[in-house]
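Worksheet: one structure, shown below.
Bear in mind the structure is a predicted one, so any value in this text is a computation, not a measurement.
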Amino acid sequence: MISKKMLAALNKQIKEELYSSYLYLSMSAYADHQNLKGFAHWLRLQAAEENAHGLRIMDYLLSIGQPVTLEAIDKPPAQFGTPKAMFESVLKHEQKITAFIHKLYEQAVEEQDYRTQIMLQWFVTEQIEEEEQVQEILARIEAVDEKMSAILWIDKELKKRGGD
Ligand code: OFO
């Protein structure tokens, strides 16, 4: 039997996953509007993945004969700044989700809820992958930023040339 506390926590996690989907969908629309089609594409696929994560928990609860209670999903922001700022927000969000998953796992261990532990193991691994992917994207953005600031610095230096 799954505890009432665990059931409530898993129902809440469904909402967190669906909020992640909503957040990335909003980011995707923002990026598309800025003509950053590649970012928009990546984020839209990520939104679909997050939706699948919510369904995964939902299907688990249903498979063990438990009820699913969908909670209200918060409104995500609509503005995200530069691509760097946007992906910093993605990383921060994923780190928060990782912490939620770890808390759930701790609770499952405490309650000796082996079935939920096994279900959550997939999420523990998934969060490692998600954080890694986002760190990589951020590193790429930062490398381009550095190159750009070097070019701007050279440009400033070249402006100093006096006439002969
Ligand atoms: Fe569901 O993995 Fe991101 O949030």
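A 4.5 Å side-chain heavy-atom check between Leu23 and Ser89 finds every atom pair outside the cut-off. His41 has its side chain out of reach of Leu43: every pair of non-hydrogen atoms, C-beta onward, lies at least 4.5 Å apart. Side-chain contact between Leu36 and Trp42 is absent, with no heavy-atom pair separated by less than 4.5 Å.
The CD atom of Glu94 lies 12.5 Å from the CD1 atom of Ile128; values are rounded to the nearest 0.5 Å. The structure places CG of Asn51 at 9.5 Å from CG of Leu25, a figure rounded to the nearest 0.5 Å. Expressed to the nearest 0.5 Å, how far NZ of Lys5 lies from CG of Asp113 amounts to 12.0 Å. The structure places CG of Asn35 at 5.5 Å from NZ of Lys37, a figure rounded to the nearest 0.5 Å. Note that CD1 of Ile57 is 6.0 Å distant from CD1 of Ile14, once rounded to the nearest 0.5 Å. Within the model, atoms CE of Met27 and NE2 of His93 stand 8.0 Å from one another, a figure rounded to the nearest 0.5 Å.
When all heavy atoms of Leu104 and Met6 are compared, the closest pair comes out as O-CE, 3.7 Å. Taking every heavy atom of both residues into account, Ile2 and Arg115 meet most closely at N-NH2, 4.4 Å. Gly54 and Leu18 get closest at one heavy-atom pair: CA-CD2, 4.4 Å. Scanning both residues, Ile97 and Ser20, for their nearest heavy atoms gives CD1-OG, 3.7 Å. Residues Pro76 and Ser26 approach most closely at CG-CB, 3.9 Å, considering heavy atoms. Scanning all heavy atoms of the two residues, the minimum distance from Leu61 to Pro67 falls at CD1-O, 4.3 Å.
Cation-pi check for Lys12 over Phe100 is met; the charged atom lies under 6.0 angstrom from the ring centroid and within 45 degrees of its normal.
A single hydrophobic cluster is seen to contain both Met86 and Leu91, as judged by linkage of ILVMFWY side chains at heavy-atom distances under 4.5 Å, directly or through other members. Taken together through direct or relayed side-chain contacts under 4.5 Å among Ile, Leu, Val, Met, Phe, Trp and Tyr, Leu10 and Val68 form part of one hydrophobic cluster. Cluster membership check: Ile118 does not share its hydrophobic cluster with Met1, using side-chain heavy-atom separations under 4.5 Å among Ile, Leu, Val, Met, Phe, Trp and Tyr. With hydrophobic clusters built from ILVMFWY side chains whose heavy atoms lie under 4.5 angstrom apart, Tyr105 shares a cluster with Ile101.
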Residue pair Met119, Arg56: steps toward the side chain to side chain contact (heavy atoms under 4.5 Å, CB included) verdict
CA-CA 9 Å; Met119 186 276 291; Arg56 200 177 178 105; 5.8 Å; no
Is there a side-chain hydrogen bond (donor to acceptor under 3.5 Å, both in side chains) between Glu50 and Tyr22? Walk through the geometry before answering.
CA-CA 9 Å; Glu50 298 299 352; Tyr22 221 34; over 6 Å; no
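Under 4.0 Å is where a charged nitrogen must lie from a carboxylate oxygen, and between Glu88 and Lys92 no such pair does.
Side-chain N/O atoms of Tyr60 and Gln66 include no donor and acceptor closer than 3.5 Å. Between Gln46 and Glu130, the side chains place a donor N or O and an acceptor N or O closer than 3.5 Å (distance only, hydrogens not considered). Side-chain N/O atoms of Glu111 and Gln107 include a donor and acceptor closer than 3.5 Å. Side-chain atoms of Gln127 and Glu131 include no donor-acceptor pair closer than 3.5 Å.
Judged purely by atom type and a 3.5 angstrom limit, Glu71 has no side-chain atom pairing as donor or acceptor with the backbone of Lys15. One N or O on the side chain of Asn11 and one on the backbone of Leu7 form a donor-acceptor pair closer than 3.5 Å. No side-chain donor-acceptor contact under 3.5 Å links Ser21 to the backbone of Glu17.
Checking Tyr19, Tyr24, Phe123 one by one against His53, the ring-ring contact (aromatic ring centres under 6.0 Å, His included) holds for a single residue, Phe123.
Under a cut-off of 6.0 angstrom, the local environment of CD in Glu146 is sparse, with at most 12 non-hydrogen atoms contributed by other residues, nucleotides or ligands. Within 6.0 Å of the NE2 atom in His102, the count of heavy atoms belonging to other residues, nucleotides or ligands exceeds 12.
Two rings, from Phe39 and Phe87, have their centers less than 6.0 Å apart.
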